[in-house]
Amino acid sequence: MTSTARLPHAFYQRDAVTVARALLGQRLVRRVPREHAPPLRLAGIIVETEAYLGVPDRAAHTFGGRRTARNRSMWRAGGHAYVYFTYGMHHCLNVVADAENEPVAVLIRALEPVEGLEIMRHRRLKARVDTDLASGPAKLCQAMAIDRALDGEDLVTSDRLWIERARRRALPARKISVGPRVGVAYAGPWADQPLRFHIRENPHVSRPR
DNA sequence: CCTCTGATCTTCT
DNA sequence: GAAGATCAGAGGG
């Protein structure tokens with residue numbers, strides 16, 4: 001029997017590294033209302049994450065504690081969404097972690113699609129194979145119809161975006177691969193920190209160059 | 001397999 | 001005015 005219980009507030013109220021590891025194997029769900037039709041339900045298992053550690057973390061948008069119009073959601077309590085727009089065309093989804101006013105978050109980097117595959121294929125026409133549907137932070141936002149309209153969303157109460165518990169316990173460490181974060185070479189020593197986590201041998205994980 | 005490049009525009013300096 | 005928590009396609013080996 002498949003559980004549909006949402007991850008509770010307390011799940012997110014932990015340090016970003018713990019949350020980044022615990023999110024692996026859980027199910028991200030997007031509900032999209034439609035006129036004259038039942039709502040769409042899109043879902044994918046989280047297979048890759050990165051932790052961003054806030055004020056001291058040179059790679060984080062909240063480095064130095066600077067608040068901007070873009071990053072203000074990161075100061076919210078753990079369990080909210082932080083969605084940003086970048087490169088003039090891409091959106092990326094973060095899950096805010098830890099306590100309110102602790103501006104840390106977890107970037108969701110890849111999903112294994114499990115519900116609404118037909119819709120996702122339609123939204124991702126460039127993907128020749130299903131392992132390319134959501135194998136990157138911007139790809140998954142495209143597949144799941146996630147944009148800035150969902151910035152600041154409360155994942156515990158929202159009817160548009162939430163995360164369900166798909167596994168009872170966190171994945172054992174031996175099934176998680178750990179390494180440096182992608183695309184943050186500018187961050188000095190923080191670029192080398194082991195803050196990227198992904199499920200080992202899962203074909204839906206991103207393949208950065 | 002690998003490296004290089006263009007796209008495209010919001011955000012912040 | 002420049003850069004960016006990216007992606008896709010092209011070209012060469």
Side-chain angles (χ1 to χ4, degrees), chain A residues 12 15-17 19-21 23-24 28 44 46-76 78 80-98 102-113 120-153 155 161 177-199 203-209:
Chain A
Y12 303 102
D15 68 274
V17 168
V19 174
R21 303 185 79 116
L23 280 172
L24 295 177
L28 179 70
I46 297 170
V47 300
E48 178 179 353
T49 58
E50 281 177 357
Y52 285 85
L53 304 189
V55 178
D57 181 358
R58 196 154 196 101
H61 289 168
T62 50
F63 172 65
R66 61 182 211 287
R67 294 176 186 249
T68 67
R70 177 176 69 162
N71 70 19
R72 62 199 192 89
S73 296
M74 283 191 65
W75 273 267
R76 286 187 165 283
H80 287 78
Y82 166 47
V83 181
Y84 69 90
F85 180 74
T86 190
Y87 289 106
M89 63 192 104
H90 296 307
H91 293 278
C92 293
L93 169 69
N94 288 257
V95 172
V96 177
D98 222 311
E102 194 65 50
V104 301
V106 175
L107 174 67
I108 307 302
R109 279 197 59 88
L111 302 175
E112 175 172 340
M120 292 191 206
R121 292 185 190 112
H122 190 68
R123 295 187 57 83
R124 291 271 307 131
L125 294 178
K126 302 262 176 79
R128 305 288 185 88
V129 293
D130 286 353
T131 48
D132 282 339
L133 286 177
S135 58
K139 294 179 190 175
L140 73 89
C141 284
Q142 200 180 339
M144 299 276 285
I146 293 167
D147 63 22
R148 275 229 107 197
L150 289 167
D151 180 54
E153 196 80 350
L155 302 175
L161 185 68
S177 179
V178 185
R181 294 172 294 184
V182 178
V184 296
Y186 59 84
W190 284 90
D192 304 321
Q193 292 296 308
L195 295 173
R196 176 184 181 220
F197 308 92
H198 69 78
I199 299 181
H204 300 271
V205 168
S206 75
R207 300 172 289 285
R209 298 186 280 199

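Here is the naming used below: chain letters follow the sequence lines, and residue numbers restart at 1 for every chain.
In this structure, the OH atom of A:Tyr186 is 14 Å from the P atom of B:dC12, given to the nearest Å. Between the CD atom of A:Glu50 and the P atom of C:dA5 there is a distance of 11 Å, given to the nearest Å. In this structure, A:Asp132 places its CG atom 16 Å from P of C:dT6, rounding to the nearest Å. Computed from coordinates, the A:Met89 CE to B:dC9 P distance equals 8 Å when rounded to whole Å. Here the P atom of nucleotide B:dC9 and the NE2 atom of A:His91 are 11 Å apart, to the nearest Å. Protein atom OH of A:Tyr84 is 15 Å distant from nucleotide atom C1' of B:dC12, rounded to whole Å. Distance, A:His90 NE2 to B:dG6 P: 16 Å, rounded to whole Å. The distance from atom NE2 of A:His61 to atom C1' of B:dT10 is 12 Å, rounded to the nearest whole Å.
For the side chain to side chain contact (heavy atoms under 4.5 Å, CB included) criterion with A:Tyr12, the lone passing option out of A:Leu155, A:Val96, A:Val106, A:Asp98 is A:Leu155. Checked against A:Met74 for a side chain to side chain contact (heavy atoms under 4.5 Å, CB included), the options A:Asn94, A:Thr62, A:Thr68 give a single hit: A:Thr62.
Remark: the A:Arg209 side chain and the C:dG9 base include a donor-acceptor N/O pair separated by less than 3.5 Å.
Salt bridge status for A:Asp130 with A:Arg121: present, with a side-chain N to carboxylate O gap under 4.0 Å.
Listed candidates were C:dT6, C:dG9, C:dA5. Nearest to the side chain of A:Tyr52 is C:dA5. Side chain of A:Arg66, nearest nucleotide from C:dA5, B:dC12, C:dG9: B:dC12.
The environment of CZ in A:Arg58 is sparse: at most 12 heavy-atom neighbours from other residues, nucleotides or ligands sit within 6.0 Å.
Contact annotation: A:Arg128 side-chain N/O to C:dA8 OP1/OP2 distance is not under 4.0 Å.
A distance cut-off of 5.5 Å between ring centres, combined with a plane angle under 30°, leaves A:Tyr87 outside any stacking arrangement with the base of B:dA7.
Within 4.0 Å of A:Arg124, counting heavy atoms only, lie sugar-phosphate atoms of the nucleic acid but no base atom. Using a 4.0 Å heavy-atom criterion, one finds that A:Arg70 contacts the sugar-phosphate atoms exclusively. Within 4.0 Å of A:Arg148, counting heavy atoms only, lie sugar-phosphate atoms of the nucleic acid but no base atom. Contact annotation for A:Phe85: backbone-only contact, meaning every heavy-atom pair under 4.0 Å involves sugar-phosphate atoms and none involves a base. When heavy atoms are screened at a 4.0 angstrom cut-off, A:Ala59 is found touching base atoms of the nucleic acid.
B:dA7 and C:dT6 make up a base pair, with Watson-Crick or G-U wobble contacts both under 3.5 Å.
A:Ile108 has its side chain within reach of A:Ile46: a pair of non-hydrogen atoms, C-beta onward, lies under 4.5 Å apart.
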